[in-house]
Amino acid sequence: MPVRIRRIFVLQIAGVVLLGLLAGFALRFALNRLDGHGLDPPARAAGVAAVSLAGRTIVLDPGHDGGNAGAGAVINRQVPAGGFDKECDTVGAQTAAGYPEHAFTFDLAQRTAMILRARGARVVLTRGDDTGVGPCIDQRARTGNDLGAAAVVSIHADGGPVTGRGFHVIAPALSPDRANASILAPSTRLAGVLRTAFGRATGLPLADYLGKEGMTIRSDLGGLNLSRVPKVFLECGNMRNPTDAAALVDPAWRARAATGVADGLTAFLQAGSASTAQRG
Ligand SMILES: [Zn+2]
């Protein structure tokens, strides 16, 4: 074969190999998108590999509500809270600039729900908008119980001392009526994995003004006392602290926070399903 023709032949072969490689990459990209892996890069970055939460029900409970401030008579009435009575609901905290906790919790719950649904979970919120009143704490707990939820996270942001920073998770202690005993162990486990995932995703420090290593254990919260499924409260930061507040008001930070909550729940459910052979 003359040198010139041989050179053209070699170039043609190289062209075919290159096209093949490109087609392979394109196919892999398309398949990733089809099965959802390509849609959730933050989860992969955080170490949550290909996950399916199909068949799992998660309840997200965005704390407070937009109409609470104007409905004192409704939210101040006493409801059962696990061996004692407590107010139906409260107005919640806000930043110095007036960004309210109820708006924060609803936004974060919606973002988190979107991520978890993309992973296959059925996600139910305890309220469908940010303009209503309540629901009362006993009703919020009933939502998770009635659905037999695999896990519930009640989303809040604290109104702590101005100088106090950081987030913390609240796990249940035995309620005064001793009726939540069955959820204490799994809820503590949920609190642990959620604390890790949320800190990793957001970069926010563990609370330095209460609790121990980002965790408190309480028996005075109706939402935890009345739950019969694994449940924790997440206080995402201190709205009264300027540094924390700057994060909480930032939509980009809230997107990372949602990934953190979703990753914590995913890790909890994956670990829980490994022993019961529910994984596909
Ligand atoms: Zn709150």
Side-chain angles (χ1 to χ4, degrees), residues 52-68 71 74-75 77-90 92 102 105-106 108-117 119-156 169-191 194 218-234 261-262 264-266 268-273 276 278:
S52 174
L53 299 178
R56 317 306 297 270
T57 299
I58 295 168
V59 168
L60 299 174
D61 175 33
H64 317 282
D65 205 338
N68 284 7
V74 179
I75 66 163
R77 75 190 169 84
Q78 301 283 302
V79 298
F84 59 100
D85 288 347
K86 200 169 178 177
E87 299 80 43
C88 155
D89 205 3
T90 53
H102 63 77
T105 65
F106 191 63
L108 184 56
Q110 286 182 300
R111 291 173 187 271
T112 305
M114 205 181 302
I115 296 170
L116 289 168
R117 285 173 185 143
R119 294 178 189 175
R122 174 191 183 204
V123 184
V124 176
L125 269 59
T126 55
R127 56 183 172 99
D129 58 55
D130 193 39
T131 54
V133 178
C136 294
I137 52 172
D138 56 335
Q139 179 55 45
R140 290 174 189 262
R142 242 185 330 266
T143 299
N145 296 346
D146 291 349
L147 291 167
V152 184
V153 175
S154 191
I155 299 173
H156 290 259
V169 184
I170 307 171
L174 188 63
S175 58
D177 66 3
R178 310 177 72 83
N180 69 343
S182 66
I183 71 160
L184 299 185
S187 299
T188 301
R189 194 166 60 75
L190 171 60
L194 184 61
R218 292 171 59 172
S219 61
D220 63 321
L221 295 171
L224 296 180
N225 292 345
L226 299 171
S227 185
R228 302 295 174 257
V229 294
K231 180 173 180 178
V232 298
F233 276 45
L234 173 61
V261 179
L265 279 161
T266 301
F268 172 75
L269 295 178
Q270 282 189 303
S273 62
T276 53
Q278 287 177 354

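Counting begins at 1 with the first residue of the sequence.
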- Closest heavy-atom pair and its distance - Arg127, Pro62: NE-O, 3.0 Å

- Query: Does Pro230 have any side chain to side chain contact (heavy atoms under 4.5 Å, CB included) partners at least two apart in sequence or in another chain, and if so, which?
  - Reply: Pro186, Ser187, Phe268

- Message: Main chain of Thr90, side chain of Asn68: is a donor-acceptor contact present, judged purely on distance under 3.5 Å?
- Response: yes

- Residue list, side chain to side chain contact (heavy atoms under 4.5 Å, CB included) with Asp220, at least two apart or on another chain: Lys86, Arg218

- Can you list every side-chain hydrogen bond (donor to acceptor under 3.5 Å, both in side chains) pair that touches residues 132-144, not counting sequence neighbours? Asp61-Arg140, Asp89-Arg140, Gln139-Arg142

- Would you find more than 12 non-hydrogen atoms of other residues, nucleotides or ligands less than 6.0 Å from Arg117 atom CZ? yes

- Heavy atoms, side chains only, cut-off 4.5 Å: are Pro172 and Asn225 in contact? no

- Message: Among Val153, Leu190, Leu234, Thr188, which residue satisfies the side chain to side chain contact (heavy atoms under 4.5 Å, CB included) criterion with Val169?
- Response: Leu234

- Note on the structure: Residues passing the side chain to side chain contact (heavy atoms under 4.5 Å, CB included) test with Arg111, sequence neighbours excluded, are Asp107, Pro251, Arg254, Ala255, Ala258

- Query: Taking all non-hydrogen atoms of both residues, which atom of Val123 and which atom of Ala113 are closest, and how far apart?
  - Reply: CG1-CB, 3.7 Å

- Message: Tell me every residue that passes ring-ring contact (aromatic ring centres under 6.0 Å, His included) with His156, counting only those two or more places apart in sequence or in another chain.
- Response: His64, Phe233

- For the atom pair CG (Leu269) and OG1 (Thr57), what is the distance rounded to the nearest 0.5 Å? 10.0 Å

- Note on the structure: Taken in chain and number order and not counting sequence neighbours, the residues that satisfy salt bridge (charged side-chain N to carboxylate O under 4.0 Å, His left out) with Arg122 are none

- Item | Heavy-atom donor-acceptor pair, Lys231 side chain to Ser154 backbone, under 3.5 Å | no

- Query: For the atom pair CG (Leu53) and OG1 (Thr266), what is the distance rounded to the nearest 0.5 Å?
  - Reply: 4.5 Å

- Which is it for Leu174 and Asn180 under the side chain to side chain contact (heavy atoms under 4.5 Å, CB included) test, yes or no, and what are the steps along the way? CA-CA 6 Å; Leu174 188 63; Asn180 69 343; 3.7 Å; yes

- All heavy atoms of Ser227 vs all of Ile183, minimum pair found to be O-CD1, 3.6 Å

- dist Leu60:CG -> Leu265:CG (nearest 0.5 Å) comes out at 6.5 Å

- Item | Point-to-point distance, once rounded to the nearest 0.5 Å, from CG of Leu108 to CD1 of Ile155 | 4.5 Å

- Message: Quick check: closest heavy atoms across Val59 and Ala149, and the distance to 0.1 Å?
- Response: CG2-CB, 3.9 Å

- Query: If you take all heavy atoms of Ser175 and Ser219, which pair is closest and at what distance?
  - Reply: CA-CB, 4.5 Å

- Item | Minimal non-hydrogen separation, Ala141 against Leu226, with atom names | CB-CB, 3.7 Å

- Which distance, rounded to the nearest 0.5 Å, do you find between the CZ of Phe84 and the CG of Asp177? 8.5 Å

- Which of these passes side-chain hydrogen bond (donor to acceptor under 3.5 Å, both in side chains) with His102: Asp130, Asp65, Thr131? Asp130

